[in-house]
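Note sheet for the following structure.
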Amino acid sequence: MHLPWPSIPLGALAILLLFMLVLLQQVHIFRTRRKAKQREELFQIVTENAADMIALVDVKGRRLYNSPAYKRILGYSAAELGETSAFEQIHPDDRFKVLEAGRVARETGVGKRLEYRIKHKDGSWRVLESEASVVRDSSGNVAKLVIVNRDITERKRAEQQLEHNLYHDPLTGLPNRRLFLDRLEQAFARSRRDLGHQYSLLLGNVDHFKVFNETLGTAGGDQVLQEISRRVGASLRQSDSLARADAATPTPGAVVARLGGDEFTILLDTVGDASDAMRVAQRIQAAVAEPIFVDGREVRVSLSTGIALGAPEHERPEDILKDAAIAMRRAKGLGGSRCEVFDEAMHTRASGRMRLEADLRTAIAAHQFRVFYQPVVELSTRRIVSLEALLRWDHPQQGLISPYRFIQAAEDTGVLVSLGHWLMLQACRQLREWDVNNAAGQPVNVTLNVSPRQFSDARLASDLQDALRQTGVDPSRLQLEMTESVAAADPKLTVTVLTHLKHLGIGVIMDDFGIGASSLRGLWQFPLDALKIDRSLVREIQVDRAATEIVEMIITLASKLNLKVIAEGIETGKQVEQLRQLGCEFGQGYYFSQPVEAKAALQLMRQQLAPTRVTGAGAK
Ligand code: C2E
Ligand code: MG
Ligand code: MG
């Protein structure tokens with residue numbers, strides 16, 4: 001049987017279908033929105049109540065949302081967070097790390113766990129552990145990042161404390177044996193890599209410490225140890241540190257540690273020689289010697305200190321510790337309250353050097369310096385053209401000391417700059433006096449030596465001007481002698497200083513020329529007046545063909561550069577002849593005269609030098 005379909009018009013059917021479709025779509029939209037809303041509510045509930053700080057940022061890193069935990073952990077209100085840049089609150093050292101993590105998360109879609117520091121509103125730093133995850137848009141592109149930050153400041157602090165305890169002595173807070181050995185190993189390794197690197201170890205032991213424990217009780221003894229550690233630490237922190245009273249470099253890489261009991265070590269990562277370590281030891285000794293008060297009782301403490309230097313014979317880092325211990329026991333054996341260097345020869349040298357430095361500081365005021373003058377003559381006529389001022393130290397116990405023995409120490413202690421100033425004045429006054437007493441003779445010039453440190457000292461020009469002004473000497477009568485090493489160390493500064501001196505009208509001579517490291521280009525750049533050929537070359541011209549050739553080359557070079565040439569250290573007539581043949585115009589040396597005092601120099605000028613040797617006072 002055929003059941004007929006109800007006859008619905010086709011148009012109505014289409015409308016019905018369309019209606020149903022729209023209905024279905026609306027239901028879908030409604031459900032999706034409801035889900036999204038539910039998700040949002042859930043997100044809200046989770047984030048608002050989470051202990052962690054949750055942030056939503058867009059791909060450019062702009063804040064879209066910060067959970068309330070931010071206020072609790074970092075102290076900023078939501079409004080304040082809106083006004084501040086998240087980036088600026090991050091510790092500068094961690095910013096790159098954070099940026100990088102953001103980039104990786106955006107590009108790979110996978111966040112990485114990361115630790116960074118962020119500033120609390122009160123200015124302190126909090127440590128956060130953070131992890132980012134990405135939120136994609138409908139086309140699958142990363143649209144946002146959800147960042148969950150956990151405040152791990154306390155955990156970090158506890159970890160650091162634990163680590164600190166592992167490496168520090170609980171009584172004094174100083175590094176303990178473990179940390180000390182670690183640093184010692186580093187110094188040892190460095191000295192193996194770099195053979196020129198010198199480190200030193202001081203081992204201090206409190207004299208008769210047992211007595212303090214017995215009389216003050218262990219708690220009192222502990223207080224004494226705490227005070228000693230404080231003073232040892234403080235004396236190393238002093239800015240003039242390694243020791244020379246006026247060198248402004250802080251003690252480089254010094255580690256003070258308590259090895260246990262009443263034993264302290266100081267590792268000096270970089271020292272020049274044993275006298276540097278000795279200076280540190282003496283300063284510590286002095287700091288510790290001040291009275292200590294324990295429960296109102298005054299106690300006096302002293303240390304016996306052993307000093308050892310890193311040496312090639314050491315096979316293991318601990319070997320230096322053994323050396324220092326031997327030296328320390330020697331210090332005890334000699335009555336305590338003193339320091340001893342492991343190597344006795346080194347000890348003698350270091351003590352001598354320290355005594356010399358101490359004496360130097362008072363030598364100017366005690367008028368112990370004298371100036372000797374050595375003539376420079378024109379080889380063809382033997383006429384004196386200038387006099388080189390050479391310092392002598394008339395030491396109360398040691399007699400006349402050569403500048404070779406004290407110039408370096410004077411430079412290291414900073415005494416040389418004031419000594420140089422004194423010498424400038426002295427030489428200029430002398431020049432005036434000679435002018436008056438030798439009015440009939442030819443006027444001479446005076447040359448002064450300047451060391452590297454004097455040369456780079458800003459006071460050089462003003463000290464010179466001051467001396468010239470005070471004495472009324474014409475600048476053209478003054479010449480400075482600098483060595484090649486000065487010029488090689490800093491050619492730019494050299495040009496600046498030399499140009500300034502030239503401007504003042506003062507001449508400059510390159511001293512000890514021919515043995516150092518001057519570059520030809522430098523020589524070309526420097527506004528010099530003369531080259532002084534080093535005396536080792538002059539000595540060798542008689543015996544060594546190569547030396548003669550070098551001297552010849554120097555003379556040719558000088559004539560090209562329009563510089564005068566002076567040969568120093570001439571001791572024989574034969575040398576004079578040879579030098580003249582090579583074209584050298586001026587000379588200086590024992591053959592003409594030793595350095596002599598001002599009065600004798602005047603005599604020489606008056607006589608205009610007979611070619612016999614004039615004997616002056618030498619120096620040891
Ligand atoms: P220098 O500037 O090269 O001075 C020449 C040195 O050679 C002087 O030694 C002089 O006594 C010595 N001498 C002179 N003629 C002869 C000779 O015929 N044979 C030999 N063997 N030696 C001779 P001195 O006075 O002991 O000075 C040594 C160095 O100390 C000087 O070398 C100079 O670099 C430095 N010096 C001296 N006085 C001063 C000063 O006031 N300031 C500075 N910064 N350095 C100075
Ligand atoms: Mg000289
Ligand atoms: Mg010289």
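Order of listing sets the numbers, starting from 1, for every ligand and every atom in it.
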Between Leu309, Leu201, Leu203, Leu267, which is the residue that forms a side chain to side chain contact (heavy atoms under 4.5 Å, CB included) with Ile320?
Leu201
Interatomic distance, CG@Asp394 vs CZ@Arg392, rounded to 0.5 Å, equals 11.0 Å
Report the part of Ile407 in contact with ligand 1, treating N, CA, C, O as backbone and CB onward as side chain, heavy atoms under 4.0 Å; options are side chain, backbone, both, neither.
side chain
Atoms in ligand 1 flagged as close to Pro595, the criterion being non-hydrogen separation under 4.0 Å
11 (O)
Is the closest basic N to carboxylate O distance between Arg183 and Glu185 below 4.0 Å?
no
Atom indices of ligand 1, in the order listed, that fall short of 4.0 Å to a heavy atom of Gln374
14 (C), 15 (N)
Keeping to distances under 2.8 Å, can you name the protein N/O/S atoms close to the Mg ion (ligand 2)?
Glu388 OE2, Asn449 OD1, Glu481 OE1, Asp511 OD2
Contacts of His421 that satisfy ring pair (Phe, Tyr, Trp, His ring centres under 6.0 Å) - sequence neighbours left out
none
Glu568: numbered ligand 1 atoms lying under 4.0 Å from its heavy atoms:
3 (O), 5 (C)
Check the orientation of Trp393 and Phe406. Use parallel for under 30°, tilted for 30 to 60°, and perpendicular for over 60°.
perpendicular
Can Glu388 be said to touch ligand 1, with heavy atoms closer than 4.0 Å?
yes
Going by an N to O cut-off under 4.0 Å, is there a salt bridge joining Asp276 and Arg353?
no
Any atoms of ligand 1 less than 4.0 Å from a non-hydrogen atom of Leu423? List them with their elements.
41 (O)
Nearest option to atom 31 (C) of ligand 1, as decided by whichever heavy atom of Ile570, Val371, Leu390 sits closest:
Leu390
With sequence neighbours excluded, what pairs up with Glu549 under the side-chain contact (heavy atoms from CB on, under 4.5 Å) test?
Arg545
Is it true that, when you exclude Asn562 itself, more than 12 heavy atoms of the residues, nucleotides or ligands shown sit nearer than 6.0 Å to its CG?
no
Any atoms of ligand 1 less than 4.0 Å from a non-hydrogen atom of Ser402? List them with their elements.
26 (O)
Please step through salt bridge (Lys or Arg N to Asp or Glu O under 4.0 Å) for the pair Arg382 and Glu378, ending with a clear verdict.
CA-CA 5 Å; Arg382 308 267 160 114; Glu378 190 177 40; over 6 Å; no
Going by an N to O cut-off under 4.0 Å, is there a salt bridge joining Arg330 and Glu340?
yes
Sidechain N-carboxylate O distance under 4.0 Å for Arg429, Glu433
no
Select the closest option to atom 35 (C) of ligand 1 among Gly589, Pro452, Pro403, judged by heavy-atom distance.
Pro403
Could you name the option among Phe455, Tyr404, Tyr591, Tyr590 that has the heavy atom nearest to atom 32 (O) of ligand 1?
Tyr404
Report, in ascending order of atom number, the atoms of ligand 1 lying under 4.0 Å from any heavy atom of Asp511.
1 (P), 2 (O), 3 (O)
For ligand 1, is any non-hydrogen atom under 4.0 Å from Asp512's backbone (N, CA, C, O), its side chain (CB onward), both, or neither?
side chain
By side-chain contact (heavy atoms from CB on, under 4.5 Å) - contacts of Leu528 (at least two apart)
Leu498, Val508, Met510, Leu523, Phe526, Leu531, Leu563
When you look at NE2 of His503, are more than 12 heavy atoms from neighbouring residues, nucleotides or ligands closer to it than 6.0 Å?
no
Passing candidate, side chain to side chain contact (heavy atoms under 4.5 Å, CB included) with Leu480, options Val497, Ile509, Leu464, Asp529:
Leu464
Contact check, Arg392 vs ligand 1, heavy-atom distance below 4.0 Å
yes
With respect to atom 7 (O) of ligand 1, which of Glu481, Arg535, Arg539 exhibits the smallest heavy-atom separation?
Arg535
Glu571 to ligand 1: N or O pair under 3.5 Å?
yes
Any nitrogen or oxygen of Gln454 lying under 3.5 Å from a nitrogen or oxygen in ligand 1? Just yes or no.
yes
Counting only nitrogen or oxygen atoms and a 3.5 angstrom limit, does Leu391 reach ligand 1?
yes
